[in-house]
Amino acid sequence: MSNTRITEILSGKHAVGSRITVGGWIRTRRDSKAGLSFLAVHDGSCFEPLQVIAPADLPNYNTDIAKITTGCAVQATGVLVASEGKGQAVELRAESVTLVGLVEDPETYPMQPKRHTMEYLREVGHLRVRTNIIGAATRVRHCLAMAVHRFFHERGFFWIHTPIITGSDAEGAGQMFKVSTLDFANIPKTPDGKVDYSKDFFGRESHLTVSGQLNVETYCMAMSNVYTFGPTFRAENSNTRRHLAEFWMIEPEMAFADLAADAQLAEDFLKYIFNAVLTERADDVAFFEKFVDKTVTSRLQNLVSSKFARMDYTDAIKTLEDAVRSGKQFEFPVKWGIDLQAEHERFLTEEVIKGPVAVMNYPKDIKAFYMRNNDDGKTVAAMDVLAPGIGEIIGGSQREERLELLDARIDAMGLKKEDYWWYRDLRRYGTVPHAGFGLGFERAILYATGIENIRDVIPFHRSAGQASF
RNA sequence: UCCGAAGUAGCUCAGUGGUAGAGCAGGCGGCUGUUAACCGCCUGGUCGUAGGUUCGAACCCUACCUUCGGAGCCA
């Protein structure tokens, strides 16, 4: 009962005349009075189905094959032959077809052989991967994940498994989910009426991580080049097509590196992973190009082949101000000190640069406490990589490695030094300049597929009010 | 959370005050080396929920629920 995967068959790894067994799920069955049925069989290994010819003289033709509907699981053994029809080069002429799993009531089977709305598919999250679009997105997601690991591995980066549960309540990147085993109906209180977390599982308040960066920096200060790639959680009640409560994030960190090296790493990284999609998942990209977003191939090819521009934040503001003077209208006003809005980012990357650009050295007041102070006293060594068609795709920075300057930033932002005691220790014991960036994995998948809603590129989405399946 | 839009058959939708429709899916039959085939017939709905206006409400009003889009926040 060893099945051959359909991708191997369709890519020509098996000669016509080979005897082969395949297993998979029926997309459609079409009957012919020529004495056979056509079964379109998918096994998930590639975009295209394998056409299986089931002759009407098979012993179970009337009892099983004639009952096959969309979604049934089958296993078929036969001989690979050149197809007599158009639309496929080869097909499997079955000697036996086993109906492994019947769709017990075709009338109530939610997946019909037609286009469903993405909203409907979210309601059937356990079955939606049987569609072309979710199947393709799943293969692209895998391809990107493998490319991420390959990219870093080839460059000597170590994958660090930073914790999912964190006792640090001050990572400074958004609302956090509490992790607790306390009985909600009977919460222990301290004498002054607050929740007594000393009675909780970890003996202290704990949360799901919002970023692995601070943890991975500790490993950077011994392993030199490291990265995290894992789930991340934000308890923000944000309901948009670009946000999830649970998402995967990639955060590399390099020792002995400055902002320029960081930007170069980001450029090399993006080119590498999107090139992998173009070369390894051409079948799925072709589908997205045809049915989801006509620009997806050219967008990926342009990104892979272009040289990323570099632009100082201060110059970006000047450019935007010049554009306004020339009549360009923005919803949000432009002046030095603002954070760039999506409309500003898109103008820069799509109309000024006409390609990817790393905007660098932002005002310190709009950036995180750990970013390195520049000598001008006004800016920090932060960068955002902007890409046409999506805007910001990567955010990164050189970290402040000097303790006194880090402390000044912690104070200025109203944070408490004791909350960062181990992070500060890194600056006390063998500190070195280092830099890194963060990339939301699902946003990379959106970019690679042209799919609009982030809920459709993760197998089981979690967002405010939604945790089914 | 704020602003806007939408909820009608299993799915996708039409129906703007007078007793509920189509396509697809499903069932039956026909036709065909077919390509999410095609032709005919049949099955299938408390019109999101609860109130209200009206002789009469899918349609008008109110509240709520859900979903989608935008904003904020961000990755």
Does any part of the side chain of [Y], heavy atoms only, come nearer than 4.5 Å to the side chain of [X], both counted from C-beta?
X: A:F269; Y: A:L439; answer: yes
X: A:F151; Y: A:L265; answer: yes
X: A:E84; Y: A:I53; answer: no

*asked:* Which residue is it: A:Y227, A:Y447, A:F229? I am looking for the one with a ring pair (Phe, Tyr, Trp, His ring centres under 6.0 Å) to A:F441.
replied: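 Single ring pair (Phe, Tyr, Trp, His ring centres under 6.0 Å) partner of A:F441 among A:Y227, A:Y447, A:F229: A:F229.
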
Within this structure, what is the [atom1]-to-[atom2] distance between [X] and [N], rounded to whole angstrom?
X: A:E123; N: B:A6; atom1: CD; atom2: P; answer: 19 Å
X: A:L127; N: B:C11; atom1: CG; atom2: P; answer: 14 Å
X: A:D384; N: B:C74; atom1: CG; atom2: C1'; answer: 11 Å
X: A:I393; N: B:C74; atom1: CD1; atom2: P; answer: 19 Å
X: A:I133; N: B:A36; atom1: CD1; atom2: P; answer: 17 Å
X: A:R27; N: B:A37; atom1: CZ; atom2: C1'; answer: 17 Å
X: A:M111; N: B:C11; atom1: CE; atom2: P; answer: 12 Å

Could you give the distance separating [M] and [N] at their [atom1] atoms, to the nearest angstrom?
N: B:C13; M: B:G48; atom1: P; result: 15 Å
N: B:G15; M: B:C47; atom1: C1'; result: 11 Å
N: B:U54; M: B:G18; atom1: C1'; result: 12 Å
N: B:U49; M: B:C65; atom1: C1'; result: 7 Å
N: B:G23; M: B:U43; atom1: P; result: 14 Å
N: B:G29; M: B:G17; atom1: C1'; result: 42 Å
N: B:G26; M: B:G10; atom1: C1'; result: 9 Å
N: B:A58; M: B:G45; atom1: C1'; result: 11 Å

Smallest separation among heavy atoms of [X] and [Y], with atom names:
X: A:Q398; Y: A:A435; answer: CA-CB, 3.6 Å
X: A:M254; Y: A:A261; answer: CE-O, 3.7 Å
X: A:A15; Y: A:L80; answer: O-CD2, 3.8 Å

Need the pair for [N]. Rule: Watson-Crick or G-U wobble, both distances under 3.5 Å, any strand; none if unpaired.
N: B:C38; value: B:G30
N: B:A22; value: B:U12
N: B:U46; value: none
N: B:A6; value: B:U66
N: B:A57; value: none
N: B:A71; value: B:U1

Tabulate atom names and distances for all N/O pairs under 3.5 angstrom spanning the protein and nucleotides 69-73 of chain B.
residue, atom, partner, partner atom, Å
B:G69, OP1, A:N453, ND2, 3.0
B:G69, OP2, A:N453, ND2, 3.3
B:G70, OP1, A:R241, NE, 2.4
B:G70, OP1, A:R241, NH2, 2.9
B:G70, OP2, A:R241, NE, 3.0
B:G72, OP1, A:Q341, OE1, 2.8
B:C73, N3, A:H243, NE2, 2.9

_Using a heavy-atom cut-off of 4.0 Å across all strands, would you classify A:Q466 as base, sugar-phosphate, or nothing?_
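Sugar-phosphate: the residue A:Q466, judged by heavy atoms under 4.0 Å, touches backbone atoms but no base.
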
_Using a 4.0 Å heavy-atom cut-off, does A:F247 contact any base of the nucleic acid, only the sugar-phosphate backbone, or nothing at all?_
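Result for A:F247 = base.
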
_Run the salt bridge (charged side-chain N to carboxylate O under 4.0 Å, His left out) test on A:E343 and A:K328 for me, step by step, so that the C-alpha distance in whole Å, both residues' side-chain angles and the decisive distance to 0.1 Å come before the verdict._
CA-CA 11 Å; A:E343 57 172 348; A:K328 174 71 188 174; over 6 Å; no

*Lys/Arg-Asp/Glu bridge criterion (N-O < 4.0 Å) met for A:D384, A:K367*: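 Looking at A:D384 and A:K367, the cut-off is met.
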
*Want to settle it: does A:A464 or A:I394 sit nearer the 5' end of RNA chain B, counting the closest nucleotide to each?*
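Upstream on the strand: A:A464.
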
*Donor-acceptor pair, side chain of A:S45 and main chain of A:T7, under 3.5 angstrom*: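 Such a contact is found between A:S45 side chain and A:T7 backbone.
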
*Which parts of nucleotides 24-35 of chain B does protein reach within less than 4.0 Å, heavy atoms only, written one letter per nucleotide 5' to 3' as B for base, S for sugar-phosphate only and - for none?*
BSS----BBBBB

*State whether A:T117 places a side-chain N or O below 4.0 Å from either non-bridging phosphate oxygen (OP1 or OP2) of B:U12.*
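Checking A:T117 against B:U12: at least one side-chain N or O falls below 4.0 Å of OP1 or OP2.
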
_side-chain hydrogen bond (donor to acceptor under 3.5 Å, both in side chains) partners of A:D64, counting only residues at least two apart_ =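 side-chain hydrogen bond (donor to acceptor under 3.5 Å, both in side chains) list for A:D64, sorted by chain: A:N60.
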
